[in-house]
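Here is the structure we will look at, set down as structure tokens.
First the proteins, then the strands, lettered A, B, ... as listed; each starts at 1. Atom set for the values below is all heavy atoms of this structure, side chains included, hydrogens, waters and symmetry mates excluded.
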Amino acid sequence: MPELPEVETIRRELEPQIVGATIVDATSHESAKFRPARDAVGGRFTASTRRGKYLLLGLHDDRELVIHLGMTGQLHVDPPTSSSTDPYTRASWHFDDGRTLVFRDVRRFGRIRVVPTGEHADITTLAALGPEPLGPDFTAEGLWQAMRGSKRRVKTQLLSQRPVAGVGNIYADEALWRARVYPAARTLTRSQAERLHRTIIEVLQAGVDNGGTTLRDYRTVAGDEGSNQHYLDCYGRAGEPCPRCATALRSQVWDARTTTFCPRCQPR
DNA sequence: GTTGCGTCCTGGACGC
DNA sequence: TGCGTCCAGGACGCAA
């Protein structure tokens with residue numbers, strides 16, 4: 001399930017493969033979520049950026065191909081000789097040099113848009129994203145202020161992408177565990193926010209450094225698995241001893257999202 | 001405006 | 001072995 005580190009890993013691998021390529025044709029699944037892929041025909045890739053979990057592929061005509069990978073989205077570039085007939089291909093962009101950029105998404109939770117560069121008002125979540133966690137705009141004070149303004153559970157707020165961009169279930173559980181914050185807390189002290197600010201950066205940077213977390217579907221552009229799954233302390237380890245205090249980690253569903261936490265290190 | 005829940009979507013795990 | 005049920009979760013829509 002691609003979160004910020006996975007999307008950033010894909011972006012870094014993809015950019016040198018697509019910049020300069022012109023899209024001469026495109027196909028897509030009939031769903032409205034994927035049909036806009038065809039709007040990119042005629043564009044030439046100039047650069048790539050990322051906002052949270054959104055991949056922004058710049059085109060020469062002041063437009064952007066915006067891709068959200070959802071839970072199971074994958075991107076790879078097929079060579080001219082490929083005759084792939086993958087039933088889970090949801091969109092493909094054919095280049096002037098014969099290669100094809102393929103968007104594969106088994107569960108069809110991904111989405112694709114083509115918009116004028118920087119005009120994201122129609123993509124509500126993208127437009128409302130909080131600061132980039134690995135950039136200078138993400139501060140402990142800003143996180144605390146953002147969290148103070150809501151009565152929702154701390155983890156639910158993180159998943160909303162508003163206090164900070166790019167955090168999903170895996171990295172939220174890891175950051176909260178490291179910060180010793182109870183995931184269902186509805187208020188944060190300033191010192192808790194400072195710890196959480198630090199641990200969000202730590203876990204996301206580690207994820208990027210390790211090429212992302214592969215639990216099932218995530219693959220890099222080259223088709224490789226990430227390695228961050230080998231360094232997770234908390235997520236998906238319910239029943240196992242907490243690496244810090246040896247208390248059995250617990251799993252609980254809040255707001256329809258499964259959360260793993262340590263009942264001793266992360267008290268109410 | 002905020003909050004919480006249902007829905008989308010399908011492969012895999014599990015129980016019978 | 002085969003079938004049915006449940007679970008995973010990011011984003012969005014809707015009702016309260």
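Regarding contacts with the backbone of B:dG4, a side-chain N or O of A:R186 is found under 4.0 angstrom from either OP1 or OP2. Considering only side-chain N and O atoms, A:H68 lies under 4.0 angstrom from the phosphate OP1 or OP2 of C:dA11. One finds no side-chain N or O of A:T156 lying less than 4.0 angstrom from the OP1 or OP2 phosphate oxygen of B:dG4.
The distance from atom CZ of A:R153 to atom C1' of B:dT3 is 10 Å, rounded to the nearest whole Å. Nucleotide C:dA8 holds its P atom 19 Å from the CG atom of A:D105, rounded to whole Å. Rounded to whole Å, the distance from CG on A:L158 to P on C:dG9 is 15 Å. Across the protein-nucleic acid pair, A:R152 atom CZ and C:dA16 atom C1' stand 14 Å apart, rounded to whole Å. In this structure, CZ of A:R111 is placed 11 Å from C1' of C:dG13, rounded to the nearest angstrom. In this structure, the CD1 atom of A:I123 is 13 Å from the P atom of C:dG13, given to the nearest Å. Rounded to whole Å, the distance from CZ on A:F34 to P on C:dA11 is 14 Å. In this structure, the CG atom of A:D255 is 17 Å from the P atom of B:dT7, given to the nearest Å.
With ring centers used as reference points, A:F45 lies 6.0 Å or more from A:W93.
Of the candidate nucleotides C:dG9, B:dG4, C:dG10, C:dG9 has the atom nearest to the side chain of A:Y235. Checking C:dG9, C:dG10, C:dA11 against the side-chain heavy atoms of A:L159 singles out C:dG10 as nearest. Which of C:dA11, C:dG10, C:dG9 sits closest to the side chain of A:Y54 comes down to C:dA11.
Clustering ILVMFWY residues whenever any of their side-chain heavy atoms sit less than 4.5 angstrom apart, transitively, puts A:F103 in the very cluster that holds A:L101. No single ILVMFWY cluster, assembled from side-chain heavy atoms under 4.5 Å apart, contains both A:L232 and A:L249.
No contact: A:T124 has no heavy atom under 4.0 Å from any strand. No engagement by A:T72 is indicated, since no non-hydrogen atom pair under 4.0 Å with the nucleic acid exists.
Toward the 5' end of DNA chain B, the nearer of the two residues A:R257 and A:R162, judged by each one's closest nucleotide, is A:R162. The residue among A:S251 and A:S160 whose nearest nucleotide of DNA chain C is located toward the 5' end is A:S251.
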Any N/O pairs under 3.5 Å between the protein and nucleotides 9-13 of chain B? List them or say none.
residue: B:dT10; atom: OP1; partner: A:R108; partner atom: NH1; Å: 2.5
residue: B:dG11; atom: OP1; partner: A:Y88; partner atom: OH; Å: 2.2

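Across A:T22, A:I23, A:D25, A:V24, a single residue satisfies side-chain contact (heavy atoms from CB on, under 4.5 Å) together with A:F95, and that is A:I23.
A salt bridge does not link A:E194 to A:R198: none of the charged nitrogens lies less than 4.0 Å from a carboxylate oxygen. Taking the charged nitrogens against the carboxylate oxygens, A:K53 and A:E3 have no contact shorter than 4.0 Å, which rules out a salt bridge.
Checking A:S28 against A:R38 by side-chain atom types alone, a donor-acceptor pair falls below 3.5 Å.
Under the Watson-Crick or G-U wobble criterion, with both distances below 3.5 Å, B:dC14 is paired with C:dG4.
Although no hydrogens or angles enter the test, the distance criterion places a donor-acceptor pair under 3.5 Å between the side chain of A:D97 and the main chain of A:R99.
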